[in-house]
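Residue numbering restarts at 1 for every chain, and letters A, B, ... go by the order of the sequence lines. Heavy atoms only: backbone and side chains are in, while hydrogens, waters and symmetry mates are out.
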There are 2 protein chains.
Amino acid sequence: MLNEFDIFKDFLRHHHLRWTPQRKLILEVFIEQQGHIVIEDLHKKIHSQDPTIGIATLYRTMKLLVDAGLADMHTFNERTTYERLYKVRHHDHLICKVCGRTIEFEHPLIEKYQLEVCERHGFTLRSHRMELFGICNECRK
Amino acid sequence: MLNEFDIFKDFLRHHHLRWTPQRKLILEVFIEQQGHIVIEDLHKKIHSQDPTIGIATLYRTMKLLVDAGLADMHTFNERTTYERLYKVRHHDHLICKVCGRTIEFEHPLIEKYQLEVCERHGFTLRSHRMELFGICNECRK
DNA sequence: CCCCTTATTGATAACGAATATCAATATAAT
DNA sequence: ATTATATTGATATTCGTTATCAATAAGGGG
Ligand SMILES: [Mn+2]
Ligand SMILES: [Mn+2]
Ligand SMILES: [Zn+2]
Ligand SMILES: [Zn+2]
């Protein structure tokens, strides 16, 4: 199986885009993160390795990673986060309104019923977003 | 059962807030809309009845209506919309990525499994968001 | 009804995340 | 190497929303 670098390179080639040192570094830093990461934190880490990389390039590259299927973008609590999406199963999130913590889960039946609903409406499903908001175990204490 | 005006008045009293002509007009215009409405359209309609009402007051009042449980706020395709929430059953949305149309649906089993997931994680569910993105029947043709 | 505290208002400045612009530079195909 | 074109970083710009603030209004007590 191809690794993320090869997947990204292939994606770029396919779209007549170019493999650059900036894109390489951004991908390197991104894949060593885990969980949901915001642009700001990503930028700090990238900046510490190469202070010349501009914020615009980071935004542009993250968009490419999403298009390439290597990153997933979420917006929780007015905040945009990116999540690695490589050999990671699809999942949805519980989001604590108090501490902001997210809990990941998957529920095959829910996914199945989503498809059912779409079929019933002649709708071709491409992606979905499901977020459950509330109060987590820790914050209830 | 109380109507929306009484509910809003009660809400305001409870929070030591005041019933004003501006809030009355905004609620009047809001409840005669159906479906998902953006601030801009709401503002146009309000402006035609009273050009002196400022946009800030509209934003402030819509937030109050959400808090009072009379309006629901969504963000589809980077656009914030408000939806009337009075004697309207909870529902989720299919959103066409081509034409932007939304289709409403409800699925009791999905809701049930959502609760199940929350219980399993000791999570107290307060609200949720579920949006299915894809291509609608019209746009596929 | 008046008084008085406090909420509300509208105009407008400010914010901030994300994007557009653009001239200089780098990439990769030939 | 040459060449066409994609990319870059700095920076200006966008735009929906919120903060500021002085003037005004609401509404409870008397
Ligand atoms: Mn996740
Ligand atoms: Mn709806
Ligand atoms: Zn929590
Ligand atoms: Zn459509």
Side-chain angles (χ1 to χ4, degrees), chain A residues 5-6 8-30 36-68 71-82, chain B residues 5-6 8-30 36-68 71 73-82 100:
Chain A
F5 291 94
D6 291 330
F8 196 32
K9 285 185 196 168
D10 282 353
F11 172 86
L12 294 174
R13 241 192 308 271
H14 257 93
H15 293 260
H16 306 286
L17 304 176
R18 291 167 186 178
W19 177 243
T20 66
Q22 290 87 345
R23 287 175 179 168
K24 177 169 180 283
L25 176 59
I26 289 170
L27 179 54
E28 277 170 359
V29 172
F30 175 61
H36 302 170
I37 185 154
V38 297
I39 285 279
E40 195 190 333
D41 293 346
L42 218 39
H43 190 229
K44 275 182 202 151
K45 294 194 167 126
I46 287 160
H47 192 84
S48 73
Q49 293 201 227
D50 180 350
T52 70
I53 293 188
I55 191 78
T57 297
L58 177 53
Y59 275 107
R60 290 186 286 236
T61 302
M62 291 316 294
K63 189 164 286 178
L64 291 174
L65 290 176
V66 170
D67 291 344
D72 206 359
M73 199 182 94
H74 303 289
T75 310
F76 302 150
N77 322 311
E78 331 288 301
R79 262 209 151 165
T80 301
T81 62
Y82 294 88
Chain B
F5 291 94
D6 292 330
F8 196 31
K9 284 184 198 169
D10 282 353
F11 172 85
L12 293 174
R13 243 192 308 271
H14 248 96
H15 293 261
H16 307 285
L17 304 176
R18 291 167 187 180
W19 177 242
T20 66
Q22 291 87 346
R23 287 174 180 169
K24 178 168 179 284
L25 176 59
I26 289 169
L27 179 54
E28 277 169 1
V29 172
F30 175 61
H36 302 171
I37 185 155
V38 298
I39 285 278
E40 195 189 334
D41 293 347
L42 218 38
H43 190 230
K44 276 183 201 150
K45 292 192 167 128
I46 287 160
H47 192 81
S48 74
Q49 293 201 226
D50 180 350
T52 69
I53 293 189
I55 189 79
T57 297
L58 177 54
Y59 274 106
R60 289 186 285 236
T61 303
M62 290 315 296
K63 190 165 285 177
L64 290 175
L65 290 176
V66 170
D67 291 343
M73 199 183 93
H74 303 290
T75 311
F76 302 151
N77 322 312
E78 332 287 303
R79 256 200 156 174
T80 301
T81 62
Y82 294 88

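Proximity of the aromatic rings of A/H36 and A/F76 is defined here by a centroid distance below 6.0 angstrom, and this criterion is met.
Between B/I55 and B/Q22, the residue whose closest nucleotide on DNA chain C is further toward the 5' end is B/Q22. For B/T80 and A/L12, each mapped to the nucleotide of DNA chain D holding its nearest heavy atom, the one lying further toward the 5' end belongs to A/L12. Where B/R79 and B/L17 each meet DNA chain D at their nearest nucleotide, the meeting point lying more 5' is that of B/R79.
Considering only side-chain atoms of B/T20, the nucleotide from D/dT18, D/dT8, C/dT8 that sits closest is C/dT8. With distances taken from any side-chain atom of B/R18 to the nucleotides D/dT17, C/dT8, C/dG10, the minimum falls on C/dT8. Minimum atom distance to the side chain of A/T52 is reached by D/dG9, of the listed D/dG9, D/dG27, C/dT9. Checking D/dA26, C/dA28, D/dT11 against every side-chain atom of A/A56, the shortest atom distance belongs to D/dT11.
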Item to check | Pair A/R18-A/K9, side chain to side chain contact (heavy atoms under 4.5 Å, CB included): steps then yes or no | outcome: CA-CA 8 Å; A/R18 291 167 186 178; A/K9 285 185 196 168; over 6 Å; no
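If you take NE2 of A/H15 and P of C/dA28, they are 16 Å apart, rounded to a whole angstrom. Atom CZ of A/R13 is separated from atom C1' of C/dA29 by 13 Å (rounded to the nearest Å). Rounded to whole angstrom, the span from the CH2 atom of A/W19 across to the P atom of D/dA6 amounts to 19 Å. Regarding B/L25, its CG atom lies at a distance of 15 Å from the C1' atom of C/dG10, rounded to whole Å. Atom CG of B/D41 is separated from atom P of D/dG16 by 12 Å (rounded to the nearest Å). Look at CD1 on B/I39: it is 9 Å from C1' on D/dT17, rounded to the nearest Å. Taking atom NZ of A/K24 as the reference point, atom C1' of C/dA26 lies 16 Å away to the nearest angstrom. Distance B/L58 CG to C/dA11 C1': 15 Å, rounded to the nearest Å.
Residues A/T81 and A/V38 come closest through the heavy atom pair CG2-CG1, 3.7 Å.
For the pair A/M62 and A/I39, the minimum side-chain heavy-atom distance is below 4.5 Å.
Phosphate proximity of D/dT18 to B/Y59: absent, as no side-chain N or O sits under 4.0 Å from OP1 or OP2. Regarding contacts with the backbone of C/dT9, a side-chain N or O of B/R23 is found under 4.0 angstrom from either OP1 or OP2. For the OP1/OP2 pair of D/dT18 and a distance below 4.0 Å, the side-chain nitrogens and oxygens of B/K63 include at least one atom meeting the criterion.
Looking only at distances, a side-chain donor or acceptor of A/S48 sits under 3.5 Å from a matching main-chain atom of A/K45.
Counting atom types as modelled, A/R60 pairs a side-chain N or O with a base atom of D/dG9 as donor and acceptor under 3.5 Å.
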